[in-house]
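Written out below as structure tokens is the structure these notes cover.
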Amino acid sequence: MNPSIVYVEDDTPSREVMHILLVELMGLSDVTFLEDSTDFLQRIEKSVPDIILLDIHVYPLNGFEMLSMLRQHPRFRHARVVALTASVMNEEVHQLKTAGFDGVIAKPIDMDQFPILLERILNGENVWTIVQ
């Protein structure tokens, strides 16, 4: 398995954790890390990633705005888009579902569960982690 992944995250420690997880531990080689959402679509247009992971609270475009752009773009309309956020209470998860995300993964990332969740998402499953 070597999926193409884009991760948009403005928090440096979060990007570093995800780099360790995806690249070093999981051995994935086709991972693009974006430190902000400036010119988001132009920066990912060269290919259609298997999964786009979006931080919700990122600047200048938040995760909802980026998702809207993706869903309106013919090339990315059906891309698997998953929110990564600390806001995973029932109400926030409902907002993410309604907006059109394919899933949400809670932060902080569970290093043991993340590879399993990623595999499920790649297999077409919608994954919604909810904090009770």
Side-chain angles (χ1 to χ4, degrees):
M1 166 180 92
N2 193 26
S4 172
I5 298 174
V6 170
Y7 180 39
V8 183
E9 172 63 72
D10 60 353
D11 180 64
T12 301
S14 294
R15 275 195 321 274
E16 290 171 353
V17 166
M18 193 61 76
H19 185 273
I20 290 168
L21 184 56
L22 292 170
V23 177
E24 296 175 25
L25 296 178
M26 294 179 68
L28 302 180
S29 60
D30 192 1
V31 182
T32 301
F33 295 92
L34 302 179
E35 69 284 347
D36 62 38
S37 57
T38 303
D39 300 322
F40 166 69
L41 279 179
Q42 292 79 9
R43 292 163 66 190
I44 67 166
E45 262 185 336
K46 292 178 176 56
S47 67
V48 178
D50 295 305
I51 297 178
I52 301 171
L53 303 172
L54 299 178
D55 178 32
I56 294 301
H57 305 289
V58 66
Y59 181 82
L61 301 167
N62 67 37
F64 290 99
E65 293 167 323
M66 287 186 287
L67 176 70
S68 177
M69 293 170 69
L70 289 164
R71 295 300 185 228
Q72 293 174 26
H73 193 288
R75 196 163 181 198
F76 300 106
R77 182 171 293 129
H78 301 292
R80 305 285 295 158
V81 183
V82 176
L84 269 70
T85 182
S87 302
V88 289
M89 300 302 282
N90 285 326
E91 181 179 320
E92 290 91 348
V93 170
H94 177 72
Q95 290 172 336
L96 294 165
K97 283 181 180 180
T98 301
F101 280 92
D102 296 302
V104 64
I105 297 176
K107 288 185 193 176
I109 300 296
D110 181 323
M111 302 285 274
D112 294 326
Q113 288 298 312
F114 184 80
I116 297 164
L117 295 175
L118 189 65
E119 183 69 30
R120 289 172 53 195
I121 293 163
L122 285 168
N123 288 330
E125 187 177 336
N126 293 348
V127 174
W128 301 97
T129 59
I130 300 173
V131 175
Q132 299 294 335

Discussion item. Between Arg75 (side chain only) and Val48 (backbone N and O only), is there a donor and an acceptor less than 3.5 Å apart?
Written reply: no

Worksheet entry | Heavy-atom closest contact (Asp10 atom, Val58 atom, distance) | OD2-CA, 3.5 Å

Worksheet item: Going through the distances and angles, do Thr85 and Val104 end up as a side chain to side chain contact (heavy atoms under 4.5 Å, CB included)?
Response: CA-CA 7 Å; Thr85 182; Val104 64; 3.7 Å; yes

Worksheet item: How far does CD1 of Ile20 sit from CD1 of Ile109, to the nearest 0.5 angstrom?
Response: 12.5 Å

Worksheet item: Is the number of heavy atoms from other residues, nucleotides or ligands under 6.0 Å of His73 NE2 greater than 12?
Response: yes

Fill in: Minimum side-chain heavy-atom gap Val6-Leu54 below 4.5 Å
no

Worksheet item: Quick one: CG on Leu70 to NE2 on His78, what's the gap to the nearest 0.5 Å?
Response: 12.5 Å

Worksheet item: Considering all heavy atoms of both residues, which atom of Ala79 and which atom of Arg71 are nearest to each other, and what is their separation?
Response: O-NH1, 2.8 Å

Worksheet item: Which atom pair, heavy atoms only, marks the closest approach of Phe76 to Ile44?
Response: CZ-O, 3.7 Å

Worksheet entry | side chain to side chain donor-acceptor pair (under 3.5 Å) pairs, two or more places apart, involving residues 103-118 | Glu9-Lys107, Asp55-Lys107

Practice prompt. Take Tyr7 and His19 through the test side chain to side chain contact (heavy atoms under 4.5 Å, CB included) and record every step on the way to the result.
Written response: CA-CA 10 Å; Tyr7 180 39; His19 185 273; over 6 Å; no

Discussion item. Can you tell me how far apart CD (Glu45) and CD (Gln42) are? Round to the nearest 0.5 Å.
Written reply: 6.0 Å

Fill in: Non-hydrogen atoms of Asp50 and Pro3 that approach each other most closely
OD2-CA, 3.2 Å

Discussion item. Treating Thr98 as the side-chain partner and His94 as the backbone partner, does any N or O pair qualify as donor plus acceptor under 3.5 Å?
Written reply: yes

Practice prompt. Check the pair Met26 / Leu118 against side chain to side chain contact (heavy atoms under 4.5 Å, CB included), numbers first and verdict last.
Written response: CA-CA 11 Å; Met26 294 179 68; Leu118 189 65; 3.6 Å; yes

Fill in: Side chain to side chain, Arg80 and Asn126, heavy atoms closer than 4.5 Å
yes

Worksheet item: Are side-chain heavy atoms of Leu96 and Trp128 found at a separation under 4.5 Å?
Response: yes

Discussion item. Assigning hydrophobic clusters by single linkage (Ile, Leu, Val, Met, Phe, Trp, Tyr; side-chain heavy-atom cutoff under 4.5 Å), is Leu84 placed with Ile116?
Written reply: no

Discussion item. Could you tell me if the side chain of Val82 sits less than 4.5 Å from the side chain of Val127, heavy atoms only?
Written reply: no

Practice prompt. First locate atom CZ of Phe114, then atom CE of Met18, and finally report the distance between them rounded to the nearest 0.5 Å.
Written response: 4.0 Å

Discussion item. Could you see if Leu122 belongs to whatever hydrophobic cluster contains Ile5? Use Ile, Leu, Val, Met, Phe, Trp, Tyr and a side-chain cutoff under 4.5 Å.
Written reply: yes

Discussion item. Using a 3.5 Å distance criterion without hydrogens, assess whether the side chain of Asp11 forms a donor-acceptor pair with backbone atoms of Ser14.
Written reply: yes

Worksheet, complete the sentence: Heavy-atom nearest pair, Ser4 first then Ser47, reads OG-OG, 4.4 Å

Worksheet item: Got Arg43 and Thr38 here, is their nearest side-chain heavy-atom distance under 4.5 Å?
Response: yes

Worksheet entry | Charged N-O contact under 4.0 Å between Asp102 and Arg120 | no

Item to complete: Please name the pair of heavy atoms, one in Ala83 and one in Phe101, separated by the smallest distance, quoted to 0.1 Å.
Response: N-CD2, 3.6 Å

Discussion item. Determine whether a donor-acceptor pair (N or O, by modelled atom type, separation under 3.5 Å) exists between the side chain of Glu65 and the backbone of Asn62.
Written reply: yes

Worksheet item: Stepwise, does the side chain to side chain contact (heavy atoms under 4.5 Å, CB included) test hold for Leu53 with Ile121?
Response: CA-CA 11 Å; Leu53 303 172; Ile121 293 163; 5.6 Å; no

